[in-house]
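Chain A is the first sequence line, chain B the second, and so forth, proteins listed ahead of strands; every chain is numbered from 1.
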Amino acid sequence: MTRHVFATLTLFFTLIALAACRNDATSADAASPQELRYAATKDIRDINPHLYTGEMAAQAMLFEPLVSNTPEGIRPCLAESWDISDDGRIYTFHLRRDVRFSDGEAFNAAAVKQNMDAILANRQRHAWMDLIRKIERDEIVDEFTYRLYLRTPYYPTLIELGALRPFRFISPRCLVNGQSKDGVRGYAGTGPWLLTEHKERQYALFTVNPLYRGEKPRIPAVRWIVMPDHQSIALALQKGDIHLVFGSDGDMLQQETFEALRRAGKHITLLSPPIASRALLLNSRQPFTKERGVRQALQYAVNRRAIVEGILDATESPALTLMASTVPYCNVPLETRDYDPARAAALLDAAGWPAGPDGLRRKDGRAARIRLYYNADNAQERSISEYIQADFKKIGVDLRIIGEETQAFRDRQRSGDFEVQYARSWGAPYDPQSYLSSWRIPAHGDYQAQAGLDCKPWLDQTVTAIMAETDEARRRAMYAEVLSRMHEEAVYLPLSYSRTRAVHVKHLHGVSFDMSQYVIPFEKMFFATGD
Amino acid sequence: MTLRTILLHRLPGIIPLLFLTSVLSFGLVQLSPSDPAEVALRLNDITPTPEVIAETRARLGLDQPLPIRYFRWLDAVLHGDLGTSYVNGKAVTAELRQALPPTAMLAATAAVIMLAGSLLTALPGVLRPGSRTDRLARLFLFLASAMPSFWLGLLLLQVLAVTLDLFPIGGMDGPASLALPALTLALPHMPAYARLLRAAMLRTARENFVLHDRARGLTPRTVMKHIFRNSLQSCLTALGMSLPRLMAGAFVVENIFAWPGLGRLCVTAIFNRDFPVIQAYVLLMAGMFVVCNLCVDICATLLDPRRREEAAQ
C-alpha cells in the first residue's frame, strides 16, 4: 500500500507536468520569427500621447512630433521645414504633404491645431514644460502651414516640441470632443507602428502601420510582454522566450544579470553613450550640509571610480561634474574634485569640524551625522550608499543610509527633509534646459537642496533668463556661469553618468540607441536569416 | 437545524465584523504619511503646487472631515462603487473585476494541488508511520515549508521552464502557464495541511468504529476511506480558509510568473500609493476571509450532528 501511495505521489506530479506540457512554439530562437518579443517590467498602459500614464517607448512607436531631436541637432519629422521670426516669438512650420494617420485621416495644419488645442486645454498637467506657459496662440496659415506664437522668446522651443510628450500627434478622430485630457477613442498616429492588440498587464502587440510614409519596419510585429520580475526576464531571455531587453538604471535588467549575460556570451549586450547624470544632493538647509566647506569636503571623500568599477562593473563612467561635457552647453572647464580623503579631512578641519577621540567629527557639541535616503526598490543605490557610507566614515562622518519606497522618497524631496538624497538629471533631450528649469520648482529635491544658498534667487532668475535668451553666445555664457556657480557651491555630488543597456539574441540585428533613453528604435531592427 | 436558522444565528456577528473591516480598510490608508491629493497629482506628473493640491483635495473630497469621508466612501462601496484609481482614472470595481478571475483560477488550482498533495504526503504516515516512504514524505514537507515562494518559483522556472523546456516562463496563456504558478503557490502551504490531515487521520484510526470496520473484515481501502472521511471534518476550517489565504498570498507568485491577477494589481497600487485600489483590495480580502469563515462554519454545522445540536441549543 505504501509503495502504491509513493507511486501515486510521483505520478501525480508527473501528470501535472505532462498535462500542462503544452509549451507553445513561440520560442524566440525560432528560425524566422514573425514577431520581435520584447520584455518589459511595465505594461504600456494608456498611451494617449498627450498624457503621462503610458510607457514612453510605446508612445514613441505610434506618435510622431513636428521635429525630432537627434545627436546632430533638430531635424524635420512631420514638419519638413520651419521659420523662426527675428524676435524669436513666431514659429512657422511647413508640414509634410504625404502623411496620413493610421486610421486614414489626413495629417495637415488643421490636425496639428486640433492636437495643440487639446494639449493647451490641459496646461496644468504640462506645467513642468516651460514651453506650455510660453505659447500665446496658434493658427492655421494654409492646409500645410501651421504657426505658433509665443509670449516671449524661448530658445528650447524646438527641443521641447520634439520631446516624447506631450507635443505628438494623434488622429483628430481619436479626440473626444476635441479634447484628449480625459482619454482618447483610439491610438491612431503617424508612426511606423499600430497598436493591434492590448491585454492589460499581459502584453501589447504592435504591427506595421501600412500607411506609414517612410521605410517600413522589416519586422512584421513587436510583442511587448509584461514581466514584472527582473529574474523572470533574465530566465526568459536565457530560455529564448524573448528576443530583447532594453532599459536604463536596472529598470529591466539588474546590473549583475547584465554582467552575467555579457560574460556568458550567448547574447549580444550593448551599452549606450552616457545619457544622464547620477548625483547626490547635499541639502544646503540642513545643519551639517549647510556649510559650503563641508559640502566641498564630501565631494573629495567619495571614491567614484571604486563605485563605478566595484558596483557598476564599469558600465557607467565616473562623474566629476554634474553634467557630462558632451551635454549641450555643458562643456565648461571646472575644477574637478576627485577622491582625496586627506583633502576632505583638511577641509572639514578648516570648517571647524575636528575629529573627536572616537573618530567622529563634532562642532559645538553636534556630531557629524547625516542621513542618506535612497529608493528601496533600487538595489544598485543601496550598494552605492554602502560604499559612500564607508568613504564618509574614513573622514569621520557618520552616514545613516535609509531605504524608502518610491512615494516616501518623493515626499522627502518635496519637503526637503533630507541631508543627502539621490538625484538624476533628465537625460537627453531634456538636459540641460528642462532639468535646470525644474530647479525652480519647490516640489523638486533640487530646489530644496539649493534653497539654503545665498545665490538661490540669482540662480532662479538666471535660469529663467537663459530660457528667453535668443543670443547663442550669451546663452552659452549664462549656462557656464550657472554650472560654475553650482559646482562651487557643491550642492551636487556627482557620481556617474548612466547609460542605457540592451541585451538581445544574436540573430536580431539593428539594435541601436536613440538620443532619448526612453525610446526603443524597434523600426530599425530586423532578424537575419541564416544566423 | 436549517440553513436559514444557521444564517440567522451567525449573521448578527458578521455585520459588525464587516463594518469593522470597512473602518480598518479606510482608516489604515489614512495613516499613510503621504497626502493622497499630492500622490494623485504626482502619479499624473502634475507638479504639486499648493493651489493645485488644494484644488485636488476639494475634487477628491479630501477637504472634508474624516468621518464624513468615511461614510461617503462606505455609501459608495455599498452601491458597488469602490472609487477611481489615481493612476489610470479607471473605476476600481472594473479593475478588480478584471484581476479577480485570474487570481481565483490560480488560487483554486493551487488549492486542488495543495489538497491532493497534502493527502498523498499524509497517507504514508498513517499507513506505515516511520517507514521509508513516510520519512521521504516528511523530508519533502520540510523542504516545501522551508522554501520561500520567490525562491521556489525561480527554482521551478530554472529547472522546468528553462532547462527542461516544459513550461513557459510567464504570462497567462493556457494550462501550461497555470501549472508552475499554481504549484509554487500550493507547495509552501502543503506541509501545514498535510500535518493536520496526518494527525487527524492517526487520531481517527484509533477510534472504535475503525476497529469495528476491521473486525467486520472490510478491505484496507474501505477502512482508509472511512478514516479519511471522518478526519476531514476536523480539518474543514483550515481547508476552507485556504482559498482566501491562497488568494491573498498570491502576489509574490503573480509577480514572478507575470500572472495578471489581484496580487500584482495590489503591489503596483502599493508602490504607487494608489489609495482607492489599496482600500478596495484590503476590503475585498477581508470580506473574503469573513465570508469563507461563515461558509466553513455552515458546512461544519450541517455536516456534524453534534454541532447542529449545539447550535440549536
Side-chain angles (χ1 to χ4, degrees), chain A residues 1-3 5-6 8-9 12-13 16-24 26-27 39 42-43 45-46 51-53 124-128 165 182-183 199-203 225-229 231-233 235-242 377 405-408 410-411 414 438 441-444, chain B residues 33-35 38-39 42-49 52 87-89 98-99 113 116-117 120-121 123-124 127-128 131 133-134 136-137 154 157-158 160-162 165-176 178-180 183 220 254-258 260 264-265 267-268 270-273:
Chain A
M1 183 76 179
T2 309
R3 195 169 296 159
V5 171
F6 185 67
T8 318
L9 185 69
F12 170 71
F13 288 108
I16 292 175
L18 290 176
C21 190
R22 189 194 58 84
N23 198 9
D24 295 338
T26 51
S27 173
K42 288 178 184 163
D43 187 22
R45 306 185 297 283
D46 176 10
L51 294 181
Y52 300 89
T53 47
Q124 190 188 73
R125 191 162 287 196
H126 312 301
W128 65 276
R165 44 198 192 190
D182 298 317
K199 279 202 171 182
E200 272 189 64
R201 291 191 290 276
Q202 295 186 60
Y203 65 85
I225 302 165
V226 187
M227 303 186 90
D229 187 74
Q231 290 295 332
S232 307
I233 290 183
L235 288 170
L237 197 63
Q238 198 183 334
K239 188 187 174 192
D241 273 2
I242 54 171
D377 292 338
E405 61 179 90
T406 314
Q407 194 56 45
R410 286 180 179 168
D411 287 346
R414 191 184 72 85
S438 75
I441 300 169
H444 289 210
Chain B
S34 299
D35 178 357
E38 199 193 316
V39 170
R42 273 191 189 281
L43 288 172
N44 289 290
D45 281 305
I46 301 174
T47 305
T49 58
V52 185
V87 177
N88 53 23
Q98 197 182 25
I113 294 175
L120 289 169
T121 43
L123 274 180
L127 297 170
R128 286 192 187 170
S131 66
T133 323
D134 181 32
L136 270 175
L154 291 173
L157 277 179
Q158 178 69 57
L160 297 177
V162 178
D165 195 17
L166 291 172
F167 300 95
I169 292 281
M172 190 175 73
D173 184 22
L178 180 61
L180 289 188
L183 199 59
E254 287 184 2
N255 234 35
I256 293 172
F257 292 94
R264 251 174 75 191
L265 182 75
V267 169
T268 313
I270 289 170
F271 283 132
N272 288 331
R273 301 222 172 160

request  = Could you pull out the closest heavy-atom pair between A/Asp229 and B/Ile256, with the gap in Å?
outcome  = CB-CA, 3.9 Å
task = Provide the closest heavy-atom pair for A/Gln202 versus B/Met172 in the form atom of the first, atom of the second, distance.
result = OE1-O, 3.6 Å
key: Between A/Gln231, A/Arg414, A/His444, the one whose heavy-atom pairs under 4.5 Å with chain B are most numerous   = A/Arg414
ask   = Who wins among A/Arg410, A/Lys42, A/Lys199 for the most heavy-atom pairs under 4.5 Å with chain B?
value = A/Arg410
ask   = Quick check: does any side chain N or O of B/Arg264 sit under 3.5 Å from a backbone N or O of A/Arg201, one acting as donor and the other as acceptor?
value = yes
remark   = In this structure, CZ of A/Arg45 is separated from OG1 of B/Thr268 (nearest 0.5 Å) by 9.5 Å
message = Return the CD1 to CG distance between B/Ile169 and A/Leu237, rounded to the nearest 0.5 Å.
response = 10.0 Å
query = Would you call A/Lys239 and B/Leu157 a side-chain contact if the rule is heavy atoms closer than 4.5 Å?
reply = no
ask   = Quick one: are A/Asp411 and B/Glu38 in side-chain contact, heavy atoms under 4.5 Å?
value = yes
task = Name the region of A/Ala39, side chain, backbone, both or neither, that has any atom closer than 4.5 Å to a heavy atom of chain B.
result = neither
inquiry  = Is A/Ile441 close to chain B through its backbone or its side chain, or both, or neither, when contacts mean heavy atoms under 4.5 Å?
reply    = side chain
query = Between B/Asp35 and chain A, which part of the residue has a heavy atom less than 4.5 Å away: side chain, backbone, both or neither?
reply = neither
